[in-house]
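Heads up, the thing below is written out as structure tokens.
Along the sequence shown, residues are numbered consecutively beginning with 1. Note that these values count all heavy atoms, side chains included, but never hydrogens, waters or copies made by symmetry. Both ligands and their constituent atoms are indexed starting at 1 by order of listing.
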Amino acid sequence: MSQTAAPADLLGRLESCLGRGGLLTNADDLAPYAVDWRRLFPGRPAAVARPANTAQVAAVMAACHAAGVPVVPQGGHTGLAGGATPDASGGQVVLSLARMNAIRRVDPLGLTLEAEAGCILKVAQDAAEAEGRLLPVSLAAEGSAMLGGVIATNAGGINVLRYGMTRNLVLGLEVVLADGTVVDGLRALRKDNAGYDWKQLFIGSEGTLGIVTAAILRLVPRPRHTATALLAVPDPAAALRLLRAAQDALGDTIQAFELIAGESLALVAEHAGLTSPIAEAGWTVLMEAGSSLEGLREAVETLLGEVLERGDATDGVLAESGQQAAALWALREHITEAEARAGKSVKHDVSVPIPAIPDFLAAAGEALAAGAPGTRPNIFGHMGDGNIHYNVIIGPEHGSEAINRIVHDTVARFGGSISAEHGIGQYRVDELVRHRRPEEMALARRIKDALDPQGLLNPGKVLRAGP
Ligand code: FAD
Ligand code: MLT
Ligand code: ZN
């Protein structure tokens, strides 16, 4: 069965430029592209275009532009803000980058990797590893997320503390504009101050300004030794003292510092069958350091001894092997999936200044207990970046909008952000307007209008649809 509100001649044109199999219009084929990972934002695509190269992306964009039909770019569809899902009108074309998945080059001396937008993040990581290099973006969805989506969301993950957000890793970018113009900025340069650094506009723009078709990413030498430790801490303030001690002892070898509440580990035990090797704890820290120099493990052992003696940690495990380290990380990586199985939850991907984390957590807990009694916070995240996933499991009596407001208003009191890494998508469009200054929103609108005057690129995402 074919379903579409897009003009039939457009679909004919798309089919002729994409060839057989490059355009999906059958309802069964469209289904996987129609709803997000959390199944919160169901949509109805007119069709799914699956180009095989940049020229085909350009042809699709030019055809949709001429017909005035909106385009929704989609990568691995693991985004948590509903950004890659079309609306329910049946009039938007999904542009899937999945077929453009080639790794073009890994340069171990120049420390770069060039790949197409549909390349799965894990595949790119493995290609870097095969050359003894590290692509330091790591997130639990790396087996499905694609480089174009990672760049379009400016993804964070567990290694931001050491290597920065995805933005810090993009050296060169190729994009296709709303009207089909190809802009090739695939330069593998560390230093390039020649004019505006336009690629930054597209990184984190969630498919609203252009289509990412290929990128050159920065790699780093792969640390030869890693030390991974799981520690029970009495409270978030003690976790911060541990972070400070780790910074002093290990410097920039610390590559991950994650805070996990007892509730999160309980969810992982219940829904993923994985249990923590340390006795039940109110709060846990999972930290990792990496270096190619000798002595890392000894330095971490000394640090753990000191923090245990001071009482900033009450129990701890230092992984003895890569396998044990992976088992510790599995606890952390399964939280999101376990939360999804636990029922309905309201996600808050927030950041506050790092020293404010304990006070923010206390204030948000009090505000929720007063304003939404009976909700269950599932708190975890990238403490070393000030990024807390303050997710709240709710019952049928709770409204998600009210809970959003309670948490986000608390974030605002602490000078924080309502999205640290997941982006705005369609989920936080109204909250963005509440939490950004009018001049910032007006500036964003001017950028959008300059690059997409007809408003055809992912309308209703990041900014409200329309003028
Ligand atoms: P999609 O979901 O397909 O798209 C995301 C957005 O980018 C959409 O707005 C889409 O329109 C746009 N887009 C996609 N491809 C392109 C393109 N080629 N050109 C232009 N726009 C495009 N995120 C983090 O930052 N940190 C985490 O730690 C993290 N952990 C996660 C754990 C789990 C279990 C899950 C399910 C998700 C997690 N995420 C995390 C969210 C998600 O994985 C990231 O946002 C990821 O970068 C999305 O990549 P994707 O290919 O799936 O993008
Ligand atoms: C993670 O860090 O695991 C994800 O970004 C968090 C989430 O599911 O909220
Ligand atoms: Zn995260």
Side-chain angles (χ1 to χ4, degrees), residues 33 36-38 41 51 54 57 61 70-86 92 94-98 100-101 116-121 137-160 165-166 173-178 202-215 256 258-260 264 267-268 286 329 331-340 345-351 378-383 385 387-392 419-427 457-462:
Y33 300 86
D36 61 302
W37 187 85
R38 295 180 69 208
F41 303 102
T54 300
V57 174
M61 293 309 294
V71 175
V72 179
Q74 194 175 102
H77 215 178
T78 66
L80 295 172
T85 311
Q92 301 188 333
V94 168
L95 176 67
S96 166
L97 280 297
M100 293 176 57
N101 57 11
E116 294 177 344
C119 175
I120 295 207
L121 174 56
V137 194
S138 179
L139 30 112
E142 63 200 22
S144 308
M146 296 175 187
L147 294 182
V150 168
I151 292 167
T153 55
N154 185 28
I158 56 171
N159 294 147
V160 171
M165 302 281 282
T166 296
L173 204 63
E174 179 186 77
V175 295
V176 175
L177 302 181
F202 297 90
I203 304 168
S205 69
E206 301 181 55
T208 62
L209 300 180
I211 311 293
V212 174
T213 44
E258 301 282 310
L259 180 70
I260 310 172
S264 309
L267 286 173
V268 171
L286 177 57
W329 276 110
L331 294 167
R332 168 65 181 84
E333 283 160 3
H334 279 81
I335 299 174
T336 299
E337 226 174 289
E339 178 191 292
S345 66
V346 187
K347 280 195 184 291
H348 304 97
D349 161 42
V350 305
S351 58
N378 173 32
I379 303 165
F380 62 100
H382 319 290
M383 187 182 212
D385 313 322
N387 176 191
I388 300 294
H389 297 304
Y390 200 102
N391 299 343
V392 183
S419 178
E421 58 175 12
H422 296 164
I424 300 302
Q426 54 183 299
Y427 181 43
L457 264 169
N458 220 358
K461 316 291 169 49
V462 184

Report, as a single number, the protein N, O or S atoms less than 2.8 Å from the Zn ion (ligand 3). 3
Please compare Leu457, Thr78, Thr85, Val71 and report which has the shortest non-hydrogen distance to atom 52 (O) of ligand 1. Thr78
So is Ser144 polar-close to ligand 1, meaning N/O to N/O under 3.5 Å? no
Looking only at protein heavy atoms, which one is nearest to atom 53 (O) of ligand 1, and how far off is it? Gly149 CA, 3.5 Å
Any nitrogen or oxygen of Ala140, main chain or side chain, under 3.5 Å from a nitrogen or oxygen of ligand 1? no
From the options Ser96, Ala155, Ala152, select the one whose nearest heavy atom is closest to atom 22 (C) of ligand 1. Ala152
Top protein contact for atom 50 (P) of ligand 1, by heavy-atom distance: Gly76 N, 3.5 Å
Protein contact to atom 3 (O) of ligand 1 [nearest heavy atom, distance to 0.1 Å]: Gly75 N, 2.7 Å
Any N or O of Leu97 closer than 3.5 Å to N or O of ligand 1: no
For a side-chain hydrogen bond (donor to acceptor under 3.5 Å, both in side chains) check, start with the C-alpha distance between Ser419 and Asp349, then their side-chain angles and the critical distance, and finish with the verdict. CA-CA 5 Å; Ser419 178; Asp349 161 42; 3.2 Å; yes
Between Asn154 (side chain) and Met165 (backbone), is there a donor-acceptor pair under 3.5 Å? no
Geometry only, no angles: is Ile211 polar-contacting ligand 1 at N/O separations under 3.5 Å? no
Looking only at distances, please establish whether an N/O atom of ligand 1 is found under 3.5 Å from an N/O atom of Ala145. no
Can you find an N/O atom of Glu421 closer than 3.5 Å to an N/O atom of ligand 1? yes
Selected option - heavy-atom contact closest to atom 30 (N) of ligand 1, from Thr166, Leu139, Leu95: Leu139
Protein heavy atom at shortest distance from atom 11 (O) of ligand 1: Pro73 O, 2.6 Å
Could you tell me whether Glu206 and Lys461 make a salt bridge, using a distance below 4.0 angstrom between a side-chain N and a carboxylate O? no
Please say whether Thr153 places an N or O atom under 3.5 Å from an N or O atom belonging to ligand 1. yes
Return the residue, atom name and 0.1 Å-rounded distance of the protein heavy atom closest to atom 23 (N) of ligand 1. His422 CD2, 3.6 Å
In this structure, atom 39 (N) of ligand 1 is nearest to the protein heavy atom Leu80 CD1, 3.9 Å
Does ligand 1 come near enough to Val72 that some N or O of the ligand is less than 3.5 Å from an N or O of the residue? no
Heavy atom of the protein closest to atom 33 (C) of ligand 1 (residue, atom name, distance): Ala141 CB, 3.8 Å
Which pair of heavy atoms, one from Ala145 and one from Leu139, lies closest together, and at what distance? CB-CD1, 4.4 Å
Residue-ligand contact Gly210/ligand 1, heavy atom below 4.0 Å: yes
Below 3.5 angstrom, do we get any N/O pair linking Gln74 and ligand 1? no
At a 4.0 Å cut-off, with the gap strictly under it, does some heavy atom of Glu142 reach an atom of ligand 1? no
